[in-house]
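Notes follow the structure.
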There are 2 protein chains.
Amino acid sequence: MSQRELDPRKELILKVVTDDYIESAEPVGSRTIARKYNLGLSPATIRNEMADLEESGYLKQPHVSAGRIPSQQGYRYYVDMLMQQQKLKEEEQGLIRLYFEDRSRELDTILQQTVKILAQLTRYPSLMLGPTLQPSIFKHVQLIPLSANDILVLIVTDMGIIENKVIAVDCPVTQADLDRASYSLNKKLRGRPFASLKSSVLNELKEEIKTEDSSFQQAVTLLLSSLDTREKERVYLDGIINILEHPEFKELEKFKLLLELMEEEERLCRLLSSPYPGIRISIGEENPEEAAHECSIITANYEIGGRVVGTIGVLGPTRMDYAHVVSVVEFIAQSLSEFLSKS
Amino acid sequence: MSQRELDPRKELILKVVTDDYIESAEPVGSRTIARKYNLGLSPATIRNEMADLEESGYLKQPHVSAGRIPSQQGYRYYVDMLMQQQKLKEEEQGLIRLYFEDRSRELDTILQQTVKILAQLTRYPSLMLGPTLQPSIFKHVQLIPLSANDILVLIVTDMGIIENKVIAVDCPVTQADLDRASYSLNKKLRGRPFASLKSSVLNELKEEIKTEDSSFQQAVTLLLSSLDTREKERVYLDGIINILEHPEFKELEKFKLLLELMEEEERLCRLLSSPYPGIRISIGEENPEEAAHECSIITANYEIGGRVVGTIGVLGPTRMDYAHVVSVVEFIAQSLSEFLSKS
DNA sequence: TGTTAGCACTCCCGAAAGGCGAGTGCTAAT
DNA sequence: ATTAGCACTCGCCTTTCGGGAGTGCTAACA
């Protein structure tokens, strides 16, 4: 975080320039500021201040005879020090609340729709990293025979997240075998956090099943290994189209890079995942992805029962309506957390 | 289907124009044809034929001094009568086969990756309508308590499709209640086709449970109603970016309309769903969606165990490589059907 | 010393102009 | 019936050019 290192008048001007540029998408000139914002300063004075701000890296000029726009450093200062926290408008709050009132749907649908509403309210592309298994608690496992050699493994967590996986076994197993296996797996695993499964419990379990027959052994071993490999999280996405509203993407090439990014889940994950809780704002080149170097990303984590399980966020040009987006993302993340924690 | 109503030389010229335009995206002129395709005809002759073809509606001119391009009617004739069926290249077949060899994944992932490979091979945006429940056979149901008042209902079909839904009950139910309910539901429903559930079986079941306690009754009733409402199919999508390779979408507005379409599942469903099996080609305004009036769509249904359960398809400009796409879509639909039927 | 008016200068942007080139339809010859 | 020749059309690309917005600098002023 930056220190407060600009004098009040420079701050004021930086703020005004940023606000105006965010709104208009046009470089802001000294004349405009003087006329529009009544600061009691002449254009010339503002010009001087702007020149200073440019020299110290907070503003820049697209070209000599244009107004100023904020640099990445300028946005950072704006976001950290100048931006006014907005309270979400009543109607927006209402919309979100209303949406989260209707409850009986699949998890998948809920998440998809949450991203959709986020995109609608922000008018930017919105993304979500689906809930991880890691912090969940094991609730139920069910082994279901699909055919002679294929078993469907269903794992349910306390959050209602469902994992399913087909595993192939060499020798046929009977329904009875599987029921028995399901039963003892459940007895053993129910209530345990996933994070702890890999190490202790599983070995323990492996020991135990030595006494059982081989097909059961095999099934369990496979289950365990499949639990191991399962790390990929789903990415939800909506409102890509919103990006086209913004003049910075009128050049197809720029948009193309971004669209490419959006179609690759791994890269999105890298962009979104954030270790610490709370709102995070990444501006321009702070983003790890080359394609997003002219974008900013605002994310917040959401939780289930106090445990962080996923991330929700918005992607936009660096000239983004930070204040508004922050308030929406925050509110939705919180609403989603509450919603998921209730079930 | 059109009758064969053009004389051979006109057909030849229509075919050449279409082939060339599909490849080059430029209106093709008489001179080009004469030089490039050695038809033993002079440009002037070709011009006369083209003028005839234009008059009868198979070709059109973007403007007076440009070459000809196929009209929608022209494409239709091309697709129905002139296009040579291609056999898929060995390497493409190999790629697809290779992909379908690796088996143990979730259904969801498989479908997503199938669309991805379709997009890769065709270089067009690709879509899939996820498998419907309707033609499946009931395999297993499991009721799992998530909290005091929420029950997770898991339904597994013989195809490994998994539906899950959270339903809320008024009064708390115990694990034992649910196990008992699961048991009798399974006994009753296993092996029945979904299509038949709504009517006969369910009423029968309702009668039967009158004798049971109320919480059980309630759960079953809810289950039935949730089965009813569940009709929405998932849409998988990949390779949107490919559309930008084509000059017809260099105008942002056109692309925007299409992107809008792609972000709305219902509209995609309407566009894709096709009653009859086999390859279907919709050209330009044959499509029900306004936004796709300058596009063509090639779809094929895929099956599980001989029953049509979904659709896979490709969207491109009307100037689309029909022959190649048809062969890819066909092959992938078939491979997917085989793959899904094996499990 | 900070602020402001005045002014010359820069440079983007959009409109207008002009030339090129590809392709056509028509006519007349084969 | 086919073809060569030719005048004509028209999209597109490049160039040109003026207007306008905005600047930095200088000098005057409080």
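Within every chain, numbering begins at 1; the chains are lettered A, B, ... in the order of the sequence lines, protein sequences first and strands thereafter. As a basis for the values below, the full set of heavy atoms in this structure was taken, side chains included, without hydrogen atoms, waters or symmetry mates.
- Residue A/Ser42 places no side-chain N or O under 4.0 Å from the OP1 or OP2 atom of C/dT3.
- Shown here are the side chain to side chain donor-acceptor pair (under 3.5 Å) partners of B/His246, two or more places apart in sequence or in another chain: B/Arg319.
- Summarising the geometry, the separation between CD on A/Glu49 and P on D/dG24 is reported as 13 Å, rounded to the nearest angstrom.
- For B/Phe255, the ring-ring contact (aromatic ring centres under 6.0 Å, His included) criterion is met by A/Phe255, not counting sequence neighbours.
- For A/Glu260, the salt bridge (charged side-chain N to carboxylate O under 4.0 Å, His left out) test picks out no residue, with sequence neighbours left out.
- Less than 4.0 Å separates DNA chain C from no heavy atom of any residue of residues 10-19 of chain B.
- Rounded to whole Å, atom P of D/dG5 lies 16 Å from atom CG of B/Asn48.
- Partners of A/Lys15 by side chain to side chain donor-acceptor pair (under 3.5 Å), not counting sequence neighbours, listed by chain and number: A/Asp19, A/Gln84.
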| message | Does A/Asp321 form a side-chain hydrogen bond (donor to acceptor under 3.5 Å, both in side chains) with A/Tyr124? I'd like the steps, not just the answer. | response | CA-CA 10 Å; A/Asp321 189 348; A/Tyr124 294 106; 5.9 Å; no

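- Remark: A/Lys250 does not engage A/Glu245 in a salt bridge, criterion side-chain N to carboxylate O under 4.0 Å.
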| task | For each nucleotide in nucleotides 8-24 of chain C, reading 5' to 3', give B when a protein heavy atom comes within less than 4.0 Å of its base, S when such contact involves only the sugar-phosphate, and - otherwise. | result | --BBS---------BSB

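- The nearest whole Å value for the distance from the CD1 atom in A/Ile46 to the P atom in D/dG22 is 12 Å.
- Separating the OH atom of A/Tyr21 from the P atom of D/dG22 is a distance of 14 Å, rounded to the nearest angstrom.
- Salt-bridge check for A/Glu294 with A/Lys254: passed, with a basic side-chain N closer than 4.0 Å to an acidic carboxylate O.
- Following rounding to the nearest Å, B/Leu53 (CG) and C/dG25 (P) show an atom-to-atom distance of 12 Å.
- The backbone N or O of B/Arg47 sits nowhere less than 3.5 Å from a side-chain atom of B/Arg68 that would complete a donor-acceptor pair.
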